[in-house]
Amino acid sequence: MPVAKGGSMSQFQPIVSDILRVNVECSPDQIAIIDPEKDQSFTWACWHSQVVQVANSLISLGIRKGDRVGTFLKDSIELPTTLFASSYI
């Protein structure tokens, strides 16, 4: 991410969930993620909805901010979905 002259990254400390939030606001109908094996693609808005659903499921299982979440997933849409969901907690 470019930093203005004289600026520093400490002024903006993004977290993973910021990437999704910003893109949902700016480009909700653009393709966000593609899974070629399943021939699936999701827009930012649709994927955001899935991420929030997984985050809520994790919370209902007792996962709280600061907990570690481990996954065992192959390369698929579920992997980044779970990563982003855990950052929403």
Review item, side-chain donor-acceptor pairs of residues 50-61, under 3.5 Å, at least two apart:
from	atom 1	to	atom 2	distance (Å)
Asn56	ND2	Val52	O	3.3
Ser57	OG	Gln53	O	3.1
Ser60	OG	Ser57	O	2.7

Give, for atom OG of Ser76 and atom CG of Asp35, the distance between the pair rounded to the nearest 0.5 Å. 6.0 Å
Can you tell me how far the CG atom of Leu20 sits from the CD atom of Glu25, to the nearest 0.5 Å? 10.0 Å
Listed partners of [X] passing side-chain hydrogen bond (donor to acceptor under 3.5 Å, both in side chains), at least two apart:
| X | result |
| --- | --- |
| Thr81 | Trp47 |
| Thr82 | none |
| Gln40 | none |
| Lys65 | none |

Is there a donor-acceptor pair closer than 3.5 Å between any side-chain N or O of Ser87 and the backbone N or O of Ser17? yes
Side chain Ser27, main chain Gln30, donor-acceptor under 3.5 Å: no
Taking a hydrophobic cluster as the set of Ile, Leu, Val, Met, Phe, Trp and Tyr residues connected by side-chain heavy atoms closer than 4.5 Å, whether directly or through intermediates, do Val16 and Ile33 fall within one such cluster? yes
With hydrophobic residues grouped by side-chain heavy-atom distances under 4.5 Å, do Val24 and Ile31 end up in a single group? no
Is the number of heavy atoms from other residues, nucleotides or ligands under 6.0 Å of Asp67 CG greater than 12? yes
Run the numbers on Trp44 and Arg21 for side-chain contact (heavy atoms from CB on, under 4.5 Å), then give the verdict. CA-CA 9 Å; Trp44 287 106; Arg21 285 187 184 116; over 6 Å; no
Tell me which pairs pass ring pair (Phe, Tyr, Trp, His ring centres under 6.0 Å) where either residue lies in residues 16-40, with sequence neighbours left out. none
